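The next block holds one structure in the form of structure tokens; read it before the comments.
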Amino acid sequence: MYEILRKEDIAPRVCKYVVRAPAVARARKAGQFVIIRPKNDSERIPLTIADGDEETITLVVQEVGKTTAIMADLKEGDSLSDVCGPLGKPTHIEKVGTVVIIGGGIGIAPAHPIAQAMKVIGNRVLTILGARSQDLLIMEEEMRRASDEVIIMTDDGSYGKKGFVTHALQDLINAGNEIRQVVAIGPAIMMKMVCKVTLPLHIPTLVSLNTIMIDGTGMCGGCRVTVDGKTQFVCVDGPEFDGHQVDFDLMMRRQAMYLEQERLSYDSYVQKHRCKLTPEAEAL
Amino acid sequence: MSNWREVKTKDRLKIPAQKMKEQAPEARVRNMQEVPLGFTPEQAIQEAQRCLQCNNAKCIEGCPVGIEIPRFLAAVADGDFAKAVAVVKETNLLPAICGRVCPQEEQCQVVCTVTKALKSIENSVGIGKLERFVADYERIHGQAVLPPIPPPTGKRIGVVGSGPAGLTVAGDLIKLGHAVTVFEALHRPGGVLVYGIPEFRLPKEIVYKEVEYLHRLGVEFRYNFVVGKTLTIEQLFADGYNAIFVGTGAGLPKFMNIPGENLCSVYSANEYLTRSNLMRAFDFPLSDTPLKASKKVAVVGGGNVAMDSARTAMRLGAEAVYIVYRRSEKEMPARLEEIHHAKEEGVIFHLLQNPTKIVGDDKGWVAGMEVQRMELGEADSSGRRRPIPMKGSEYFLDVDTVIIAIGNDPNPLIPQTTSKIRTTKWGNIVVDPQTQRTSMKGVFAGGDIVLGAATVILAMGEGRRAVKAITKYLQDDDWTGTPEPIV
Ligand SMILES: Cc1cc2nc3c(=O)[nH]c(=O)nc-3n(C[C@H](O)[C@H](O)[C@H](O)COP(=O)(O)OP(=O)(O)OC[C@H]3O[C@@H](n4cnc5c(N)ncnc54)[C@H](O)[C@@H]3O)c2cc1C
Ligand code: FES
């Protein structure tokens, strides 16, 4: 059992969990993830490791379905049934000069350890954070500590500049920054758009893919994507790939395979376990 | 009953082969429960009396772990089921499992004298069914007794993987007084027995009971532990393990590399079966892991894995399930019983056919599969006649789901993270066949990671062999005559 030592709400429906998992904590490197099951009859879901120390790992989780809702209903002192990892290949960290780290929405969490590692090795780290609105922006402080400069973009202009992360990236390029590497983590569509900007300029662009997974060890192939025309397993060959080679459209379709069933599971969980209305219903 | 020994061979051959009751096909395609229901004690005794108690018992040679079958069957015939199970367990730790999934028709039963006398494999002595019967009898009628364990030797052994190979090694080593830790990547033990082979063929309860027994013997199980990721083999040695057995299986699904293979409703058999078995998708929405609600399913392949996938798809409510296999039924590697059961359940066989591409709809779901007909040519290196495509024979199979069950490669995680362990070019770990030693000192390997996708009993046999060699190695620290490490 893996105890939740601290739990903190950091945005609407987004929580940060500090979980005791010493074996994983000691082995983990930037870019790696874990597969967890909150309860002993839950499904398995992948979560990127956002931070950690000798004994603990930090996970940042947005409630999007039943499994993440179960997590949200756990308290400090409760335990997760299973935490398996660290999985996937670590990010290739190298001193190249100026690196742009782009985190969108919940993707800011996995971008954080990469920014940290890129900075520690001596790169100039320019960070772009994107969120729909100010209240949904997470980990700004942590990211400022890990970066030389932080630019914030919100869709509605409620904080930072109004617009998408691609606009900020274009501005950095236009300003003449010699960008050697871009790392983009966030919604698939965001990563796809970032790659559109960097492809013609030949700026190497790493993306971290969050496909559906089961085992996380290369056994099922459920996480597979097409990269450069070839099949790759995100859990063992990734999660990071050369964004210019990823077939994002295919990946987005595969991510959406079970939307209907996920919705069903979520609704019945909420009905059964929370006697109050869902946040969406409340908003109506 | 007591004078069965006096019955003449001629008359014994006249005792009818006992039929095991089964759930009717119409009923069982709607549930996940086991298909064969087991013998009654009377049936078991009758069936065991059909054994001729041959002096040169070919069946023992046919059994990969050499169970003393005539002695075991004599005990059953005497009605002494406790003794019967004890005889089996001298050489086979997991009889309830092997009785259900071993290909007896290619092992002990094919060489059985009764089979030869009656010229019919259907009428051989039901050795597998009786193995299952006695193991079930023991499980249902009281706890298995714990054997005495010698005082601790002070040696620690790490076992990587909890499939049949790993479980066998753990069980044998703990009985010798060693401390044993099993590291398993998944959250449950059992390997393929749990995530791959479906409930209707091997109830998971049986596997968990066996694991619980090992646990009572003192074996430590660490789940969610991926050796190579959580800790490497070298780190385990640094942590104080004296020897390591690698039984990580053949868990890397093969794909065909045809267009459309990454469409949404294309599954590897591993994924399909894992969702259904390990994650209980058949219970969705009571369980949390879903599967697509398929109407028409094509399963590509002709082995046990393909049959299991097809029969699972039927149970999950598909209207039509097709097996698409590129050779003829005679070459199918699946067990006869599985093919027979699949047909009874309504699975449709498209033989001598091979997919050439999978076609998607505008949302990325499978809309159908293009299939080409094949004919059989000369025999290939495996001795089976090679299928040759027939030009212009392509047609369109109307399906919404495709399950690829064309085999699995060895799991690459350990070799990738342990440079001293040598593999073949297909990724199998190279071992010395007498001792299961790898090219890295202190590391042994066995089961599917060595053999490629093989069988439960062969995995157990390799585990057995490794235990002998591990025992010797712990005493003399000798590592000569093993495969050369990579330099
Ligand atoms: C669907 C299906 C049906 C089958 N039907 C039959 C049948 O009817 N009869 C028969 O005899 N055989 C059958 N087989 C084959 C049989 O199941 C295998 O040959 C057998 O299970 C191999 O045993 P093993 O112990 O080598 O490996 P496995 O059973 O594959 O177990 C390996 C275990 O190691 C774990 N693991 C892998 N890597 C790591 C790591 N790095 N760290 C920690 N743990 C790790 C895996 O999670 C797994 O639990 C079938 C196989 C399948 C897939
Ligand atoms: S999650 Fe199963 S292979 Fe990647």
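The structure presented is a predicted model; accordingly, all values stated were derived computationally and were not measured. Proteins get letters first, then strands, A, B, ... in listed order; numbering begins at 1 in each.
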Go through the atoms of [X] and report whether side chain, backbone, both or neither lie under 4.5 Å from a heavy atom of chain B.
| X | answer |
| --- | --- |
| F233(A) | side chain |
| I36(A) | neither |
| V236(A) | neither |
| R37(A) | side chain |
| V225(A) | backbone |
| D41(A) | backbone |
| S268(A) | neither |

Minimum heavy-atom separation for [X] and [Y], please, with both atom names.
| X | Y | value |
| --- | --- | --- |
| M257(A) | Y267(B) | CE-OH, 3.7 Å |
| K229(B) | A27(A) | O-CB, 3.7 Å |
| I212(A) | R275(B) | CG2-NH2, 3.5 Å |
| E271(B) | G221(A) | OE1-C, 4.3 Å |
| D288(B) | E43(A) | O-OE1, 3.6 Å |
| M219(A) | L186(B) | CE-CD1, 4.4 Å |

Heavy-atom distances under 4.5 Å only: say whether [X] touches chain A with side chain, backbone, both or neither.
| X | value |
| --- | --- |
| Q416(B) | neither |
| L252(B) | both |
| L273(B) | neither |
| F284(B) | side chain |
| R188(B) | side chain |
| T230(B) | both |

Can you list everything that forms a side chain to side chain donor-acceptor pair (under 3.5 Å) with T58(A)? Sequence neighbours excluded, please. none

For chain B, which of [options] has the most heavy-atom pairs under 4.5 Å?
| options | value |
| --- | --- |
| T226(A), D215(A), I35(A), V24(A) | T226(A) |
| G65(A), C84(A), S81(A) | C84(A) |
| R44(A), K66(A), E262(A), E260(A) | R44(A) |
| P86(A), C220(A), A256(A) | C220(A) |

Can you list the residues that meet the salt bridge (charged side-chain N to carboxylate O under 4.0 Å, His left out) rule with K7(A), with sequence neighbours excluded?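 Counting only residues at least two positions away or on another chain, K7(A) forms no salt bridge (charged side-chain N to carboxylate O under 4.0 Å, His left out).
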
State whether the number of non-hydrogen atoms from other residues, nucleotides or ligands found under 6.0 Å of E3(A) atom CD is greater than 12.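 Above 12, so yes.
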
Would you find more than 12 non-hydrogen atoms of other residues, nucleotides or ligands less than 6.0 Å from H244(A) atom NE2? yes

How many angstroms lie between OG in S265(B) and CZ in R253(A), if you round to the nearest 0.5 Å?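 Going from the OG atom of S265(B) to the CZ atom of R253(A) covers 11.5 Å.
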
When heavy-atom pairs shorter than 4.5 Å are enumerated against chain A, which of P285(B), S268(B), P290(B) gives the highest number?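 If we count pairs closer than 4.5 Å to chain A, P290(B) comes out on top.
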
For chain A, which of V266(B), L231(B), T232(B) has the most heavy-atom pairs under 4.5 Å?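 Result: the option with the highest number of such pairs is V266(B).
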
With a 3.5 Å distance limit and no angle check, can you tell me whether [X] reaches the backbone of [Y] through a side-chain donor-acceptor pair?
| X | Y | value |
| --- | --- | --- |
| Q261(A) | L291(B) | yes |
| R224(A) | E261(B) | yes |
| R254(A) | L263(B) | yes |

Working for side chain to side chain contact (heavy atoms under 4.5 Å, CB included), residues T217(A) and L413(B): CA-CA 8 Å; T217(A) 64; L413(B) 250 170; 4.2 Å; yes

Does a side chain donor of either N262(B) or T231(A) reach within less than 3.5 Å of an acceptor in the other side chain? yes

Verify side chain to side chain contact (heavy atoms under 4.5 Å, CB included) between Y2(A) and N224(B), making sure each step is shown before the conclusion. CA-CA 11 Å; Y2(A) 305 82; N224(B) 303 313; 3.5 Å; yes

